[in-house]
Protein chains: 2
Amino acid sequence: MAGESKPKTAKMKDVADLAGVSIKTVSRVLNNEPHVQDKLRNKVKDAVAKLEYVPSQSARSLRGNKSYNINLLCHASDSSYINAIQFGAVIACQKLGYQLSISLLEDLHNHSFDEIKAELEQLTHQHRPDGIMLVAPYAGNRMIAFALKELGIDVVRIGPVDLTADGILVEIDDYNASIELTKHLIDLGHKRIAFVRGLENQRATHVRFEGFSMAMNAAGLTVDPELVVPGSFDFSSGMTAGQTLLAHANPPTAVFASNDDMAAGLVTAATMAGVSVPGDLSVVGYDDSAVATRMRPELTTIHQPLHELGEVAIENLIDSFQHKRTGSSRRVVLDHNFVLRDTTAAPKNK
Amino acid sequence: MAGESKPKTAKMKDVADLAGVSIKTVSRVLNNEPHVQDKLRNKVKDAVAKLEYVPSQSARSLRGNKSYNINLLCHASDSSYINAIQFGAVIACQKLGYQLSISLLEDLHNHSFDEIKAELEQLTHQHRPDGIMLVAPYAGNRMIAFALKELGIDVVRIGPVDLTADGILVEIDDYNASIELTKHLIDLGHKRIAFVRGLENQRATHVRFEGFSMAMNAAGLTVDPELVVPGSFDFSSGMTAGQTLLAHANPPTAVFASNDDMAAGLVTAATMAGVSVPGDLSVVGYDDSAVATRMRPELTTIHQPLHELGEVAIENLIDSFQHKRTGSSRRVVLDHNFVLRDTTAAPKNK
DNA sequence: GAGAATTTTGACAAGGTTGTCAATATAGGA
DNA sequence: TCCTATATTGACAACCTTGTCAAAATTCTC
């Protein structure tokens, strides 16, 4: 009960001796392998419990050429979107006996393929993760995915990636979610609807705009190119977009911002300019991240099951390489939800 | 350039053969050990470069009984405070050849010491990190720190911890920062100043309140117990606190919220109640986290160098066990800044 | 220039696990 | 009952690095 002076950890040999079997049998029991009598199996389990034995990860790694480690490749940014996904990923890893580690990747803009590959090789050779998880803004980067494939590392990507992409993909149906969101605005009676794009190197930007356009067209509305403004998925670009749109000679009555952070910036810009939301301007976001319920009015948006995306991603990744299906392709699509809150209303002068 | 069918990784033996030396010499060069001629040293380095050799982490771990892994113990929450610290920690780890992994700890409320220790033993035995980093809300938990100490694991804690605590501590001077912040309100002319506490099991709550009280007393002002309200460091508890305070028969003219999230909730509650900030009510927060500049008006607060806290924490932790100073105690205090923004002004009816 | 002191180098073992393969025990078939 | 087929078990090597210690090479001292 007092200080244990020798926190000497038991090893497999000790368990074997206590159970009166060979270490190989202990190994078999621990890895749930067949060919062990129930009687011995129980003896071993008792010994394991008694000695509080935990296998040495490094020895297993060395012998089995596995690291029991999944690496999450992140960009340096404070994003509650990624935070939530990370959370789900950690849960799944812990459940499956893996460990989630975080690595930061420099900005890879205008880097050549070879440079990117070298960078990734450096990063992965260091700790040799069994798999890598890619989220925005890297999930949609073809060069990264390709480089990792060449390096023989299993990858799971979260979010909308090229339709032709292979590997493991976990996402929601961005296209239809965007249509839903746009329809909501149209159903309220809006006709001049603006769109704030995200980073152009992310497929999310394009898919969401595509859904938006299709919904507009289907309703017989045209997309005014002047009401399509750039953004970079962050708060301040949303503010800028808002200022641009409100300064327009014939401003929109509603805006589709392609994520919540930009929607928040937009609402802030509107409010500061004396434009009331949703009275004078309706705004929708995308993600349902933390900011959506912290701003006022609260944001109408698409809810992405972020924790679940993270969990499912890890589960599929691990399942894939545990069954030696390395290189296999699968695409998992999770459900989204339209969340009606307070930033949308019918336009005034209809 | 095409697909490398054999991504066969070189091992130390290969380097040794190419350089014409023994593997031990290669080992020495790689670990910057003395007793190698410059000539051989260069030969080895060339061979390493040519073969793109990277040592096997698992073999090193097994032999050296190190994991080159630091574990960050987190609570399940979406906190940009922790996010920023994590960021700094990853940077430092990457720089020093370590890996930062994330683990989630269940809520440990009303768990006995033995239960906590068992839980931590389970967690750490799995992957045997070389060190553990503790942040809020666990940094100040005495039982966790003590259990880890008994388990023989090096720990670094971020944030205000007991004055008598040993181990490695990295923090800012919360006491004096709180005094500064309070003085600012007092200097503006405020007399009825409220205080929103954080979680009671965190030392930050107590230190900040202590600073607040001292500053009030020093200025000859009394702290009205009715204006000291509870909180839990999150947005919604800030809103609740705001509602409570505004409903008071004799409401305060200023509020010290013990972190930014609560300050944001408070400002939101005030705005919704038609109380203008800073016109009718001044508000200060603490941390200078992302929300501080995304809310309107922007928040007057104390800036904590979060990235730096994370970096310095990791550096000290690694330095400590690399020099076999396991168990050594040190306390690093980083600079903070008072950040004047738009949520504070002189009271109206002075 | 010979012997001692020091520096440089390498052979070998050890670290804890799992894969391979052979040995043993059990079950099945004639 | 004996032989074959199958299930169970264990001995040993291998994974790749680093610590130990001894051997070899170099430098120093008188």
Side-chain angles (χ1 to χ4, degrees), chain A residues 7-45 47-48 51-69 97-98 125-128 130 321-322 324, chain B residues 7-45 47-48 51-69 97-98 125-128 130 321-322 324:
Chain A
K8 197 163 218 169
T9 37
K11 39 187 203 172
M12 205 172 256
K13 180 79 167 57
D14 301 323
V15 177
D17 288 350
L18 182 57
V21 299
S22 73
I23 54 174
K24 181 65 220 191
T25 300
V26 176
S27 173
R28 274 192 266 261
V29 172
L30 284 158
N31 294 292
N32 286 315
E33 285 172 24
H35 306 308
V36 180
Q37 279 186 345
D38 285 352
K39 192 180 145 195
L40 283 192
R41 199 176 282 274
N42 289 331
K43 261 194 191 171
V44 169
K45 282 183 177 169
V48 166
L51 295 174
E52 295 184 327
Y53 167 75
V54 182
S56 151
Q57 207 63 252
S58 20
R60 304 183 91 174
S61 298
L62 178 58
R63 185 61 238 247
N65 203 30
K66 298 169 211 152
S67 63
Y68 299 92
N69 174 56
Y98 282 70
H125 264 336
Q126 184 87 262
H127 299 282
R128 311 194 194 222
D130 293 335
F321 59 64
Q322 274 189 349
K324 319 242 163 154
Chain B
K8 198 163 218 167
T9 38
K11 40 189 201 172
M12 204 173 256
K13 180 78 166 58
D14 302 322
V15 177
D17 288 350
L18 182 58
V21 298
S22 73
I23 53 174
K24 182 66 221 189
T25 299
V26 178
S27 172
R28 274 192 266 260
V29 172
L30 284 157
N31 294 292
N32 286 313
E33 285 172 24
H35 305 310
V36 181
Q37 279 186 346
D38 285 352
K39 191 180 146 197
L40 284 192
R41 199 176 282 272
N42 289 330
K43 261 194 190 170
V44 169
K45 282 184 176 169
V48 166
L51 296 173
E52 294 184 326
Y53 168 74
V54 182
S56 151
Q57 207 64 253
S58 22
R60 304 184 90 171
S61 298
L62 178 59
R63 184 65 236 246
N65 203 30
K66 297 169 211 152
S67 64
Y68 298 91
N69 175 57
Y98 282 70
H125 263 339
Q126 184 87 262
H127 300 281
R128 312 195 193 224
D130 293 335
F321 60 64
Q322 274 190 347
K324 320 242 164 155

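Distance OG/Ser58(A) to OH/Tyr68(B): 11.0 Å, rounded to 0.5 Å. The distance from atom CZ of Arg128(B) to atom CG of Asp130(B), rounded to the nearest 0.5 Å, is 11.5 Å. With values rounded to the nearest 0.5 angstrom, Ser67(A) atom OG is found 8.5 Å from Gln57(A) atom CD.
Listed in residue order, the members of residues 27-35 of chain B having a heavy atom less than 4.0 Å from DNA chain C are Arg28(B), His35(B). Using a 4.0 Å cut-off on heavy atoms, the residues of residues 11-19 of chain B that approach DNA chain D are Lys11(B), Met12(B), listed by number.
Axis angle, first five pairs versus last five pairs of the helix from dG1(C)-dC30(D) to dA30(C)-dT1(D): 40°, rounded to 10°.
Rounded to an integer number of Å, the gap from CZ of Arg63(A) to C1' of dG15(C) is 14 Å. Distance Leu62(B) CG to dT17(C) C1': 8 Å, rounded to the nearest Å. Rounding to whole angstrom units, NZ of residue Lys39(B) and C1' of dT7(C) are separated by 16 Å. Here the P atom of nucleotide dT8(C) and the CZ atom of Arg41(B) are 9 Å apart, to the nearest Å.
Evaluation of the side-chain hydrogen bond (donor to acceptor under 3.5 Å, both in side chains) rule for Ser61(B) yields no partner, not counting sequence neighbours. For Tyr53(A), there are no ring-ring contact (aromatic ring centres under 6.0 Å, His included) partners two or more places apart in sequence or in a different chain.
On the nucleic acid side, DNA chain D contacts chain A at distances under 4.0 Å to non-hydrogen atoms, with the end points of that region at dA7(D) to dC16(D).
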Under 3.5 Å between N/O atoms: give me all the protein pairs with nucleotides 24-28 of chain C, atom names plus distance.
none

Side chains of residues 12-33 of chain A: which donor-acceptor pairs under 3.5 Å do they make with residues two or more places apart or in other chains?
residue, atom, partner, partner atom, Å
Lys13(A), NZ, Asp17(A), OD1, 3.2
Lys13(A), NZ, Asp17(A), OD2, 3.1
Asp14(A), OD2, Lys11(A), N, 2.9
Ser22(A), OG, Lys24(A), N, 3.4
Ser22(A), OG, Thr25(A), N, 3.4
Ser22(A), OG, Thr25(A), OG1, 3.3
Asn31(A), OD1, Arg60(A), NH2, 2.7
Asn31(A), ND2, Ser27(A), O, 2.8

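Among pairs with a residue in residues 34-44 of chain B, none fulfils side-chain hydrogen bond (donor to acceptor under 3.5 Å, both in side chains), at least two apart in sequence or across chains.
Residue Arg60(A) places at least one side-chain N or O under 4.0 Å from the OP1 or OP2 atom of dT18(C). Within the 4.0 Å cut-off from OP1 or OP2 of dG16(C), not a single side-chain nitrogen or oxygen of Ser56(A) is found.
Summarising the geometry of Ser56(B) relative to Ala59(B), their closest heavy-atom pair is OG-N, 3.0 Å, with the distance given to 0.1 Å.
When the nearest nucleotides of DNA chain C are assigned to Val26(A) and Thr25(B) by heavy-atom distance, the more 5′-ward of the two goes with Thr25(B).
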